[in-house]
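Notes to accompany the following structure.
Residue numbers start from 1 in every chain, and the chains themselves are labelled A, B, ... in the order their sequence lines are given, proteins ahead of strands.
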Amino acid sequence: MSEVIRAELARVAAHLGVADAGFVLERPRDGGHGDLSTNLAMLLAKPLKANPRALAQKITAELQLPASVVAKTEIAGPGFINFWLAQDALHSLLATIISAGPAFGRGDAGAGQRVNVEFVSANPTGPLHVGHGRGACLGDAIAALLEWTGHAVTREFYINDAGVQIDRVIQSLWARIEQQLGRPAEIPEGGYHGQYLVELAQALVAKHPELAGLTAEQGLAFATVAPGLLRAEQEELLRDLRVVFDVWSSEKAVRDQGKVDAALALLAERGLTYHQDGALFLRTSEYGDDKDRVLRKSDGSLTYFVPDIAYHIDKHERGFERVIDVWGADHHGYIPRMRGVLRALGYGEDYFEVALVQLVKVMKGGEEVRMSKRSGEFVTLRDLVDWVGVDATRYFFLMRPGQSPFTFDVDLARKQTDENPIFYVQMAHARMSGIFRVAGRDPESATGDVKLEALPAPEDLELLKKLAVFPEVVARAAKSREPHKLTDYLEDLARLAHGWYHKCRVLGEAADTEAARLALARAARIVLANGLTLLGLSAPDRM
RNA sequence: GCGCCCGUAGCUCAGUUGGAUAGAGCAACAGCCUUCUAAGCUGUGGGUCGGAGGUUCGAUUCCUCCCGGGCGCGCCA
């Protein structure tokens, strides 16, 4: 119904001579300023050379809004026009929420748009650490937000299963196997020292007694199982975290299919490359980068940049209108060159997007859990999930914007009290369910066809209005790729729901009030459940 | 030195394309258990929005400079 008001405001603005005023119609922070508010008069003040308040008078006099939509209009402050929605409009909100049910909050802003969200993309050289976990949760939630706004989303993991790091993990594994067999062997320079390879070697030796008889060459060939096994372990953990990928892309496959050579040929053909000092350069500086970048080093080998380009070309060829890469913030310096290439290839300014994820610190027992220097072990993501569970892991990583550093408070995440935001939100859902449980009724039995006059308390209407905003919150969070806007909303909503639950008795009230409040409880339960579900969190009926 | 991010209540952080008296949680203080989960609810106190200019009817928000913190600046990945 805000569309009705928006359209009418636009009509009046056009009538006054300003066709495209660019005004906003928004929900004021302060409830005393109405349900919706516009700055139209203040924006028109300049072009029309008139006093904003006088203009507001003129505008409100011209507005033709049905009484079934707007109950009251008021001019306030420097020239805001505030609207109070009619009860009928609120009534239809409740019915809308209930009839939409699990789909309430979905939109079609991105209808038909294919988006690829690539995230985690950890090297298959070891266990995932907490930073990967943050990227996993944020990437998954951004993907879900895009789905809820109508986009066709592909969740993708890019496996860096080729190159130097892979050789090193293979060599490191073979060294650990040799050590298991009682032979002297050392982890190579730049290799992987983590305990996980010792454990892997142990398991492999137990399973394959024939390893003892292998030559070094045969052993290294055997040890090529390392990346695959480590990747599978990552996938299993992600699955436990409820992060499931549609596509696992392989750098090795990109190379093997000749896409790297094809990329080089394409760039050369477009005149984007040149030779200098025995190396091959790419003219990224002409497309926003600080300087040109090396593709082929003077020793003849390729930089890691090249397969990355090939991979991004591959994604584009698969027909996505947009790709979003979720990267660790330490890679932010890499953005201009990648954006530069894609710009040079004519993919369009909006095609390539990066969501940066900052570092994660972990606090446990009042102190920071640090990386131990000797073993090279990080706090693994598995540790974290074991400590606090999947819901808390996900929620905590989602409740702050990715681009700000985050301290994960393990002790808080474990608490079963209202101090813990995920607990608080889930508890609100459980309470709404509890009302129906006590009543011995199925929530589905509460219909939206109730009298709004039967909701006498201000808390009733406040809660209802909050529920109605949910789709806008989803749309805004999706647009800015910021899941924390949704967790913030859920905490606000939970606060109102708890307050309402406390203040407004449902069962045993007068019949029409009970019916109306049951409908409200059902609607609140729907929105809480939808928000939690969207973010990959459980919505328990009792706790 | 250059680039990016950040600086908001004692602490952790929100702040909707520039809007009205800058918010929440925690912590502190004061209340509330015959009633749908007290695993909870209500109220109070707490701020030169890092600093100084500028643009604007209006700036936490945009621009410039400075201070303070993080990260990145390879023919490494």
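- What separates OH of A/Tyr334 from P of B/C76 is a distance of 13 Å, to the nearest Å.
- Put simply, A/Phe80 rests on the base of B/A20: the two rings are less than 5.5 Å apart at their centres and nearly parallel, under 30°.
- Scored by the salt bridge (charged side-chain N to carboxylate O under 4.0 Å, His left out) test, A/Asp261 finds no partners at all (sequence neighbours excluded).
- Atom NE2 in A/His332 sits about 6 Å away from atom C1' in B/C71, given to the nearest Å.
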Worksheet item: Hey, mind stepping through A/His275 and A/Phe281 against ring-ring contact (aromatic ring centres under 6.0 Å, His included) and telling me if it holds?
Response: CA-CA 6 Å; A/His275 292 272; A/Phe281 283 76; 9.3 Å; no
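- Where A/Gln403 and A/Asn123 meet RNA chain B, the nucleotide closest to each residue was compared, and A/Gln403 sits on the side nearer the 5' end.
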What pairs of nitrogen or oxygen atoms, one from the protein and one from nucleotides 36-39 of chain B, lie under 3.5 Å apart?
{"unit_1": "B/C36", "atom_1": "O2'", "unit_2": "A/Gly434", "atom_2": "O", "d": "3.2"}
{"unit_1": "B/C36", "atom_1": "O2", "unit_2": "A/Leu507", "atom_2": "N", "d": "3.3"}
{"unit_1": "B/C36", "atom_1": "N3", "unit_2": "A/Val506", "atom_2": "N", "d": "3.2"}
{"unit_1": "B/C36", "atom_1": "N4", "unit_2": "A/Tyr501", "atom_2": "O", "d": "2.6"}
{"unit_1": "B/C36", "atom_1": "N4", "unit_2": "A/Cys504", "atom_2": "O", "d": "2.8"}
{"unit_1": "B/U37", "atom_1": "O5'", "unit_2": "A/Tyr501", "atom_2": "OH", "d": "3.2"}
{"unit_1": "B/U37", "atom_1": "O2'", "unit_2": "A/Arg431", "atom_2": "NE", "d": "3.0"}
{"unit_1": "B/U37", "atom_1": "O2'", "unit_2": "A/Arg431", "atom_2": "NH2", "d": "2.7"}
{"unit_1": "B/U37", "atom_1": "O4", "unit_2": "A/Met543", "atom_2": "N", "d": "2.5"}
{"unit_1": "B/A38", "atom_1": "OP2", "unit_2": "A/Arg431", "atom_2": "NH2", "d": "2.5"}
{"unit_1": "B/A39", "atom_1": "N6", "unit_2": "A/Met543", "atom_2": "O", "d": "2.8"}

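- Residues from residues 469-480 of chain A lying near RNA chain B, meaning a heavy-atom separation below 4.0 Å, are A/Arg476 in numerical order.
- Look at CG on A/Leu359: it is 8 Å from P on B/G72, rounded to the nearest Å.
- For RNA chain B, each stem of at least three Watson-Crick or G-U pairs (distances under 3.5 Å) is given as range with range: B:1-5 with B:69-73, B:10-13 with B:23-26, B:28-32 with B:40-44, B:50-54 with B:62-66.
- Residue A/Arg481 contributes atom CZ, which lies 18 Å from atom P of B/U16 at whole-angstrom precision.
- Side-chain contact check for A/Glu419 and A/Tyr424: no donor-acceptor pair (N or O, by modelled atom type) lies under 3.5 Å.
- Residue A/Ile81 is the one, among A/Glu491 and A/Ile81, whose nearest nucleotide of RNA chain B lies closer to the 5' end (criterion: closest heavy atom).
- Listed in residue order, the members of residues 289-297 of chain A having a heavy atom less than 4.0 Å from RNA chain B are A/Lys291, A/Val294, A/Lys297.
- For A/Asn160 and A/Glu251, the side-chain atoms include at least one donor-acceptor pair closer than 3.5 Å.
- Rounded to whole Å, atom C1' of B/C26 lies 14 Å from atom CG of A/Asp411.
- Residues meeting the side-chain hydrogen bond (donor to acceptor under 3.5 Å, both in side chains) test with A/Thr273, sequence neighbours left out: none.
- The aromatic rings of A/Phe470 and A/Trp148 sit perpendicular to each other, their planes meeting at more than 60°, with 30° as the lower class boundary.
- For A/Asp330 against B/A77, a side-chain-to-base donor-acceptor contact under 3.5 Å is absent.
- B/G40 atom P lies 13 Å from atom CD of A/Gln426, rounded to whole Å.
- Residues satisfying the salt bridge (charged side-chain N to carboxylate O under 4.0 Å, His left out) criterion with A/Arg293, sequence neighbours excluded, are A/Asp289.
- Counting to the nearest Å, the C1' atom of B/U16 and the CG atom of A/Leu36 are 13 Å from each other.
- Considering only residues two or more places apart in sequence or on other chains, A/Arg441 meets the side-chain hydrogen bond (donor to acceptor under 3.5 Å, both in side chains) condition with A/Ser445.
- Checked by atom type, the side-chain pair A/Asp418/A/His498 shows no donor-acceptor distance below 3.5 Å.
- Salt-bridge check for A/Arg437 with A/Asp541: failed, with every basic side-chain N at 4.0 Å or more from each acidic carboxylate O.
- Closest contact between the side chain of A/Asp277 and the listed nucleotides B/C5, B/C75, B/G19 involves B/C75.
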Table of protein N/O atoms under 3.5 Å from nucleotides 11-14 of chain B N/O atoms:
{"unit_1": "B/C13", "atom_1": "O2'", "unit_2": "A/Arg400", "atom_2": "NH1", "d": "2.7"}
{"unit_1": "B/A14", "atom_1": "O3'", "unit_2": "A/His484", "atom_2": "NE2", "d": "3.4"}
{"unit_1": "B/A14", "atom_1": "O2'", "unit_2": "A/Asp488", "atom_2": "OD2", "d": "2.4"}

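- Partners of A/Glu353 by salt bridge (charged side-chain N to carboxylate O under 4.0 Å, His left out), not counting sequence neighbours, listed by chain and number: A/Arg322, A/Arg481.
- Both the sub-6.0 Å distance and the 45° axial angle are not jointly satisfied by A/Arg431 relative to the ring of A/Trp500.
- Annotation: side-chain hydrogen bond (donor to acceptor under 3.5 Å, both in side chains) contacts of A/Ser301 (sequence neighbours excluded): A/Asp299.
- In textbook terms, a nucleotide whose glycosidic angle is within 90° of 0 is syn, and B/C33 is one such case.
- Here B/A59 presents its C1' atom at 14 Å from CE of A/Met42, a figure rounded to the nearest Å.
- Counting atom types as modelled, A/Thr303 pairs no side-chain N or O with a base atom of B/C75 as donor and acceptor under 3.5 Å.
- Every residue two or more places apart in sequence or in another chain that forms a salt bridge (charged side-chain N to carboxylate O under 4.0 Å, His left out) with A/Asp460 is listed here: A/Arg517.
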